[in-house]
Every structure is written in C-alpha cells, then in structure tokens.
Amino acid sequence: MKTNRCFNPVISSHLPKHIKKGHQLIFSRQELTSREADLFALMIAKMKVEDWDNTTPHYEFSTQQLSEWLNIKSKHVGSNLSPVANRLSSRKIGIKRLNNKGSIEFDYRPLFKHIAYQNSTLTMVPNDMLRSAYIEHNKGFALINTRNFLGVKKEYSKRLYELISRFKNKGFDMHGLNIVELKGLFGLLDETGEVKKDKASFKNNSVFMKRCIRDSIKELSENLHIRKELLFIESEQGDLGFELVKSGRKITSIKFLFRWINRGTFGELNQQEVMKTIRVLESKCLQERNFLCHDELNLLAMSYRYIGKESKANRIEESITKYLNKSNMVIEKVDNNEIELLLSKIEQLEKVCIDNKY
C-alpha cells in the first residue's frame, strides 16, 4: 500500500503519561492480545484532536522507543512485533449504538487503515471511519496510566484496567454490568452476540469469572505500581474486587468494588512538616470521643504515603471506602468506632507520638 506523501507523521519523542480513551471506545467490543493492546494503546496515547485536521494522521514509533517502552531487546523488536502488527491490521471493534427502534446494536469496523513495521519503524494509520470514537470525549473518557498499562501482562487484565479507569472520580459508584455485556467487552462475542467458536469454554460463567474477572483482579492488585493508585475492596461474600448480582442461582451482573487512591500533593511541604501533620492527626484521633473528618483521614493517608508507609495509607483508604459503600452516602465526619477503630488497627500507631521513629 502506498502512503500519502502529504501527511505529517506524528513521531513520538517520549512515552506519554496517559492514554485518553473516550467512553465509546472503552465500551466497545474488541478482542486484542496483550501485545496488540500495547501497540493500540501507544497510538491512542499519542493521538490529539488536532492530528485529524484536514487529514488522517500517521503515527510512527522507532525501534529504540518500542524496545524501551515494551521491554523488548532492540534486535528482537522486528521479529516480535511484525506478526503482531499483521494481526492488528485486521482487527475490528464493535461500537454500540441505538437503532431506529431503540434497540442496542453494534457496528463493527476495522481499527486501522494501515499498519506496518518497516525500516525499523512502526507506522500506524487509524481508520478514519472511527474518527469520532477516537477523539470525541463528550460522553466522558478514561484516563489510563500508560506505563502501568504497558506493565500489565495479560490481555483480560489490561481490558479490566481500561474499564475501571473510566470511573476514577467515583469508583465506588460504578453500576453493575450485565454479564453478557461484559463478555462482549472482553472480546468473547461475535457480531451476532454469540460466544465465538474459539472461545467456547467461556459460555460457562465459572470459566469467565476465573479467567476474566478473578485472575485479572489478582494480577492488578499484585502489581506494585498499580496497587499505589488502585485499591480493590473485598465484598461481604469474601470476593476481592467484585460482588455478584444473581437471579436465583443465575449470575445476572457484576459490580466491581474498587477505589482510586487520591495521592494528592504536598506542594512545598518538606519531610518535617509532613511528620508534624501526622503527629497532630494521630494525637487528635487517639483522644477519647474525638474523630477525624473525611478530609483529615485522606490527609493522614497521603502523609503516610509521602513517607513511604503504603500499607498504613492503604488501610485508611480501604476503611473509608468500606464505610462509604456500607452507608451509600457522602459523609462529612467519620468516628473511629464507625471505621473499625481504624488507627488502633494500624499497630497501635507504633506509638508514634512517643518515639517518633519512621
């Protein structure tokens, strides 16, 4: 295929911090292997609205960049990515839409107009028929951490990470998703809505739950980088990160239980000021009949995280989220007893107010 000489290729000079995917693209039906998802993500991460002005954009990535970002030895980039690019060039996604009768349909279109790996350069040309899906974010979008996404190994884990990245503002308010819809989002259904022949084992919901849900949550929750930004909550039934909605014995939908951790920033605060903040807040909540408000608890969690006490910060975040899930309301103040004597559970605060050792 001859390329248009009029275009200006968008050449990546550094790894973009975020992948910005519109709601329509996030909730499309797509089947991508882990490596295919990585290449697709690199293109979306680099894509800007103005790239589409008067032309279809071309995105180029050098062997050196691909080697560094995808953790592949330079001499193996071509042999590893050439077959991936070949498969990716024929991949389609199903975009959800309503027909004239108000019923939901999926319109399947190829992701790319052209994709090639030649002369130590990967070139990707998106399908302009999907222009609106690529760049229109009027229905909201997912802001996905690029480096963390590339660090996820399994294809279904990547897909789940994308889906829940759509709900970073109020993760605990995410509605349950119909299990059939979820199977489509994980690329298990064909254009007629039936389970694909080569995915026949996923007709069994227990197989789907293990491979797409439980295994994905396990990988994400054990990832050292992702666990600093994302916290999965245990359900009352003891399942990590989700709860099942059933009709009788049949699973109808799944509600994911998670919270995006508000890492915040201390701006100009130095170590001494952070330590002072911790001592003040700890002293306050150790006093009988006293409490910390929601913002103070978040500040204490951020302070712990600032000095590297991730486990303490995570336990505070988890306790707050469990309380919010249980009460299903916004609260201004949290009593220590109401969040299971939060700070007394954190190893008696290691008697911080006395010996101040960190």
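- Within the 4.5 Å cutoff, no side-chain heavy atoms of T123 are placed close to those of I115.
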*Could you please spell out the steps behind the side chain to side chain contact (heavy atoms under 4.5 Å, CB included) verdict for L163 and F27?*
CA-CA 8 Å; L163 288 171; F27 283 92; 4.2 Å; yes
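- Under the 4.5 Å side-chain heavy-atom criterion for ILVMFWY residues, no single connected hydrophobic cluster contains both V245 and F208.
- A perpendicular orientation is assigned to the rings of F258 and W260, their planes being inclined by more than 60° (bins at 30° and 60°).
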*Give the intermediate values and the outcome of side chain to side chain contact (heavy atoms under 4.5 Å, CB included) for residues R35 and L70.*
CA-CA 9 Å; R35 275 298 185 219; L70 302 181; 3.6 Å; yes
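- In this structure, I44 CD1 and L39 CG are separated by 12.0 Å, a value rounded to the nearest 0.5 Å.
- The side chain to side chain donor-acceptor pair (under 3.5 Å) test applied to N86 returns no partner, not counting sequence neighbours.
- Atom NE2 of H18 sits about 9.0 Å away from atom CG of N148, to the nearest 0.5 Å.
- Not counting sequence neighbours, K203 has no partner by the side chain to side chain donor-acceptor pair (under 3.5 Å) test.
- K218 pairs by the salt bridge (Lys or Arg N to Asp or Glu O under 4.0 Å) definition with E222, not counting sequence neighbours.
- Surrounding CD of Q64 are at most 12 heavy atoms belonging to other residues, nucleotides or ligands under 6.0 Å away.
- Between F149 and Y161, the ring planes are parallel. Angles under 30° get that label, and only those over 60° would be called perpendicular.
- Two residues are said to be in side-chain contact when any heavy atoms from C-beta on lie closer than 4.5 Å; L66 and L42 meet this criterion.
- When the side chains of ILVMFWY residues are joined at heavy-atom separations under 4.5 Å, either directly or via intervening members, L130 and V49 end up in a single hydrophobic cluster.
- For S235, the side chain to side chain contact (heavy atoms under 4.5 Å, CB included) criterion is met by Q237, D239, E243, L257, not counting sequence neighbours.
- Taking hydrophobic clusters as Ile, Leu, Val, Met, Phe, Trp and Tyr residues chained together by side-chain heavy-atom distances below 4.5 Å, F167 shares a cluster with L240.
- For the atom pair CG (L15) and CG (L150), the distance works out to 6.0 Å, reported to the nearest 0.5 Å.
- Side chain of S165 to backbone of I144: no donor-acceptor contact under 3.5 angstrom is found.
- Not a single donor-acceptor pair under 3.5 Å links the side chain of S120 to the backbone N or O of T63.
- Across every non-hydrogen atom of L88 and F40, the tightest pair is CD2-N, 4.3 Å.
- Closest of all the heavy-atom pairs between K46 and D51 is O-OD2, 3.8 Å.
- A heavy-atom distance below 4.5 Å is found between the side chains of L111 and L32.
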*asked:* Does H225 form a side chain to side chain contact (heavy atoms under 4.5 Å, CB included) with R147? I'd like the steps, not just the answer.
replied: CA-CA 9 Å; H225 297 290; R147 195 169 295 280; over 6 Å; no
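- For E181, the salt bridge (Lys or Arg N to Asp or Glu O under 4.0 Å) criterion is met by K96, not counting sequence neighbours.
- Taking the charged nitrogens against the carboxylate oxygens, D190 and K197 have no contact shorter than 4.0 Å, which rules out a salt bridge.
- Criterion: ILVMFWY side-chain heavy atoms under 4.5 Å apart, direct or through other members. Under it, F106 and M129 are not part of a common hydrophobic cluster.
- With sequence neighbours excluded, the residues that form a salt bridge (Lys or Arg N to Asp or Glu O under 4.0 Å) with R87 are E36.
- A 6.0 Å sphere centred on CG of D53 holds more than 12 heavy atoms belonging to other residues, nucleotides or ligands.
- In this structure, S253 has no side chain to side chain donor-acceptor pair (under 3.5 Å) partners at least two apart in sequence or on a different chain.
- Nearest heavy-atom pair, G151 versus N223, reported as atom, atom and distance to 0.1 Å: O-ND2, 4.0 Å.
- In terms of modelled atom types and a separation under 3.5 Å, the side chain of W52 and the main chain of D128 share no donor-acceptor contact.
- Annotation: side-chain hydrogen bond (donor to acceptor under 3.5 Å, both in side chains) contacts involving residues 70-81, sequence neighbours excluded, comprise S67-S74.
- Using a distance-only test at 3.5 Å, with no hydrogens or angles considered, no donor-acceptor pair links the side chain of H114 to the main chain of F112.
- Side-chain contact between L81 and F61 is absent, with no heavy-atom pair separated by less than 4.5 Å.
- Side-chain contact between L177 and I254: absent, with no pair of heavy atoms (C-beta onward) separated by less than 4.5 Å.
- The hydrophobic cluster containing F141 also includes L143, under a criterion of side-chain heavy atoms closer than 4.5 Å among ILVMFWY residues, counted directly or through chains of members.
- Every residue two or more places apart in sequence or in another chain that forms a side chain to side chain donor-acceptor pair (under 3.5 Å) with R109 is listed here: D107.
- The shortest side-chain heavy-atom distance between I93 and L25 falls under the 4.5 Å cut-off.
- The structure places CZ of F186 at 13.5 Å from CZ of R29, a figure rounded to the nearest 0.5 Å.
- Both L188 and V180 are part of a single hydrophobic cluster, where members link through side-chain heavy atoms under 4.5 Å apart.
- Remark: side-chain polar atoms of N119 are not paired, donor with acceptor, to backbone N or O of T121 under 3.5 angstrom.
- Crowding of K17 atom NZ: a count of heavy atoms from other residues, nucleotides or ligands under 6.0 Å not exceeding 12.
- Exactly one of K250, K183, K210 qualifies for a side chain to side chain donor-acceptor pair (under 3.5 Å) with N205. That residue is K183.
- Considering every non-hydrogen atom in both Y156 and R211, the closest pair reads CD1-O, 3.9 Å.
- Listed by chain and residue number, E219 satisfy the side chain to side chain contact (heavy atoms under 4.5 Å, CB included) test with K153 (two or more places apart in sequence, or in another chain).
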_Set out, in order, the CA-CA distance, both residues' side-chain angles and the distance that settles side chain to side chain contact (heavy atoms under 4.5 Å, CB included) for V77 and Y117, then state yes or no._
CA-CA 10 Å; V77 169; Y117 182 78; 3.5 Å; yes
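- In this structure, R91 CZ and N127 CG are separated by 16.0 Å, a value rounded to the nearest 0.5 Å.
- Checked against salt bridge (Lys or Arg N to Asp or Glu O under 4.0 Å), E155 has no partners two or more places apart in sequence or in another chain.
- Once rounded to the nearest 0.5 Å, the distance linking CE of M209 with CG of N204 reads 11.5 Å.
- Contact detail for C212 and F202: the closest heavy-atom pair is SG-CE2, 3.8 Å.
- Nearest heavy atom pair, residue R159 against residue S28, reads NH2-O, 2.8 Å.
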